[in-house]
Amino acid sequence: MANILFLSLTIFIAALTFVAIYFSALTFHSDLVDEANFVKTMYFNWGSQHSSFLDSGDDATLVLDQTSGSGIKSKMSFLFGSFEMLIKLVPGNSAGTVTAYYLSSNGEKHDEIDFEFLGNKSGQPYIIHTNIYTDGGGGREQQFYPWFDPSEDYHNYTIHWNPSQVVWYVDSIPIRVYRNYQGEGIPYPNQKPMRVYSTLWNADSWATRGGLDKIDWTQSPFIAKLRRFRSRACAYTGPTDTAQCGAPTPENWWSSAVYSYLNVDQRRHMNWARSNYLIYDYCKNIKQFNGFLPGECLKVQY
């Protein structure tokens, strides 16, 4: 009898845990119901002659052919927030192409947070290339193989940026964290507002096997498809917004304490992704830095 009661209690607790996680997920994604779409939030800053917004602005296509690539840019700048987009990458032989989704400020000493998807020959996996720039300095690349074919269907790519950390998510699974150790002299992007960009362009000088595999223009036009861009973030209109955007207020939910670290379940998922799919980490490339790794490589990131 005691064993039966214990088992029943265990099942009940598990059910309550599931419900809590379920409703927590609903809370996290509740802002997805807003009416923002590409037409309202983005515009084509190049290549508009052969790219377009579709379905009342909820979808977009980026096109690359021998005349040009294409790109979109957010109408507003932001300082911290959660930015997500569904992307379906170029199918087939995409060698030499790069589809990018990133945040960037202006100027030579710009800040930038990148997702770049490096194309490959048919049958070979894409590479998910991540990087972060501070004051114009990059070189912080980490690369992953996806655990799915990113050209067969849409997948969610999210950049969560707050005063504590930057987290890159793929289908809600964190794959990388860059924490704020600015107090210890390590640069962190927290002062410069950024706009959101997505582009498709010719990078066959370096993108696939270091530039060995060139674009096969007989396969063009190359088309990447975008869907349901959401910027749940602090809009930046001037210097007076800097303190407001960084404040841990209910409106700035992305900066609340629960988002200052990954939780246990997120760390477990991240360890799985990095153990199985991480293929390059700048913090392991001692030669690149002449034996002196950047400070963040010596700190706990998650």
Side-chain angles (χ1 to χ4, degrees), residues 37-38 42 44-48 50-55 58-66 68-73 83-104 112-131 141-159 168-176 196-230 273 276-280:
N37 62 18
F38 287 110
M42 311 280 279
F44 280 98
N45 59 328
W46 63 296
S48 61
H50 58 192
S51 300
S52 59
F53 295 130
L54 306 169
D55 296 332
D58 285 328
D59 288 47
T61 59
L62 300 179
V63 176
L64 167 65
D65 59 25
Q66 286 184 285
S68 112
S70 55
I72 56 176
K73 177 181 180 179
F83 308 86
E84 64 178 280
M85 187 186 292
L86 303 180
I87 304 176
K88 185 177 180 181
L89 297 177
V90 175
N93 184 358
S94 58
T97 71
V98 169
T99 305
Y101 168 50
Y102 62 101
L103 311 178
S104 182
E112 186 173 323
I113 304 168
D114 293 345
F115 267 118
E116 291 184 311
F117 307 94
L118 313 187
N120 218 326
K121 287 188 173 181
S122 298
Q124 300 297 315
Y126 264 86
I127 290 176
I128 301 173
H129 178 99
T130 66
N131 200 357
E141 297 92 348
Q142 291 185 1
Q143 296 181 334
F144 305 79
Y145 283 139
W147 46 94
F148 49 84
D149 183 345
S151 67
E152 282 190 347
D153 203 352
Y154 290 90
H155 291 270
N156 184 297
Y157 303 94
T158 297
I159 296 170
W168 291 254
Y169 291 90
V170 177
D171 288 338
S172 299
I173 295 176
I175 63 170
R176 179 179 182 181
V196 186
Y197 299 79
S198 187
T199 58
L200 174 58
W201 51 291
N202 175 1
D204 70 2
S205 62
W206 65 272
T208 307
R209 294 204 306 137
L212 294 177
D213 293 331
K214 302 298 184 181
I215 290 180
D216 179 1
W217 291 110
T218 66
Q219 304 295 312
S220 69
F222 302 98
I223 300 174
K225 298 181 179 181
L226 316 177
R227 178 170 290 171
R228 295 186 68 226
F229 167 64
R230 297 292 183 265
N276 291 284
Y277 299 101
L278 177 67
I279 58 173
Y280 175 79

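We count residues from 1, following the sequence as given.
At least one donor-acceptor pair under 3.5 Å links the side chain of S198 to the backbone N or O of A100. Listed for the K214 side chain is a donor-acceptor partner under 3.5 Å among the backbone atoms of D204. Between the D59 side chain and the T61 main chain, no donor and acceptor come within less than 3.5 Å of each other. In this structure, the side chain of N156 does not engage the main chain of L86 through any donor-acceptor pair within 3.5 Å. Of the possible polar contacts, none joining the D114 side chain to the Y102 backbone as a donor-acceptor pair under 3.5 Å is found. Here the side chain of T208 pairs a donor or acceptor atom with the backbone of G96 at under 3.5 angstrom. With hydrogens and angles ignored, the 3.5 Å screen pairs no side-chain donor or acceptor of W168 with any backbone N or O of I113. Side chain of S70 to main chain of S48: no donor-acceptor pair is present (N/O by atom type, distance under 3.5 Å, no hydrogens or angles). Under a 3.5 Å cut-off, the side chain of D216 and the backbone N or O of T218 do form a donor-acceptor pair.
To the nearest 0.5 angstrom, T97 atom OG1 is 11.5 Å from D213 atom CG. The line from CZ of R209 to NZ of K121 is 6.0 Å long, rounded to the nearest 0.5 Å. With rounding to the nearest 0.5 Å, the separation of CH2 in W46 from OG in S51 is 9.0 Å. For the atom pair OH of Y157 and CD of E84, the computed distance is 13.0 Å after rounding to the nearest 0.5 Å. The CG atom of N37 sits 7.0 Å away from the CZ atom of R230 when rounded to the nearest 0.5 Å. Here CZ of R176 is found 11.0 Å from CD1 of I159. Values are rounded to the nearest 0.5 Å.
Listed here is the closest heavy atom pair of S172 and P174: O-CD, 3.6 Å. Across all their heavy atoms, F38 and D58 have their closest contact at CE1-O, 3.3 Å. The heavy-atom pair separating V63 from H50 by the smallest distance is CG2-O, 3.0 Å. The two atoms that bring Y126 and G119 nearest to each other are CE2-CA, 3.6 Å, heavy atoms only. In terms of heavy-atom proximity, N93 sits nearest to A95 at OD1-N, 3.2 Å. Between L64 and S220, the shortest heavy-atom distance links the atoms O-CB, 4.2 Å.
Taking the ring centroids of F144 and Y277, they lie at or beyond the 6.0 Å cut-off. Between F117 and Y101, the distance from one ring center to the other does not fall under 6.0 angstrom.
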Is there a side-chain contact (heavy atoms from CB on, under 4.5 Å) between F222 and W217 once you walk through the steps?
CA-CA 9 Å; F222 302 98; W217 291 110; 4.1 Å; yes
Carefully, step by step, assess E116 and N131 under the rule side-chain contact (heavy atoms from CB on, under 4.5 Å).
CA-CA 8 Å; E116 291 184 311; N131 200 357; 5.8 Å; no
Report the C-alpha separation of F115 and I128 in whole Å, then their side-chain angles, then the decisive distance to 0.1 Å, and conclude whether the side-chain contact (heavy atoms from CB on, under 4.5 Å) test is met.
CA-CA 7 Å; F115 267 118; I128 301 173; 3.9 Å; yes
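Taking the side chain as every heavy atom from C-beta outward, I72 and L226 approach each other to under 4.5 Å. Between F229 and M85, the closest side-chain pair of non-hydrogen atoms falls below 4.5 Å. By the 4.5 Å heavy-atom criterion applied to side chains, E112 and Y197 are not counted as neighbours. Taking 4.5 Å as the limit, every side-chain heavy atom of Y169 sits out of range of all side-chain heavy atoms of I175. A 4.5 Å side-chain heavy-atom check between N276 and W147 finds every atom pair outside the cut-off. Between L89 and S94 there is no side-chain heavy-atom pair separated by less than 4.5 Å.
Heavy-atom neighbours of K225 NZ from other residues, nucleotides or ligands within 6.0 Å: at or below the threshold of 12.
A side-chain contact (heavy atoms from CB on, under 4.5 Å) with V98 holds for exactly one of V90, I127, L118; it is L118.
By the 30° and 60° cut-offs, the orientation of the rings of H155 relative to F148 is parallel.
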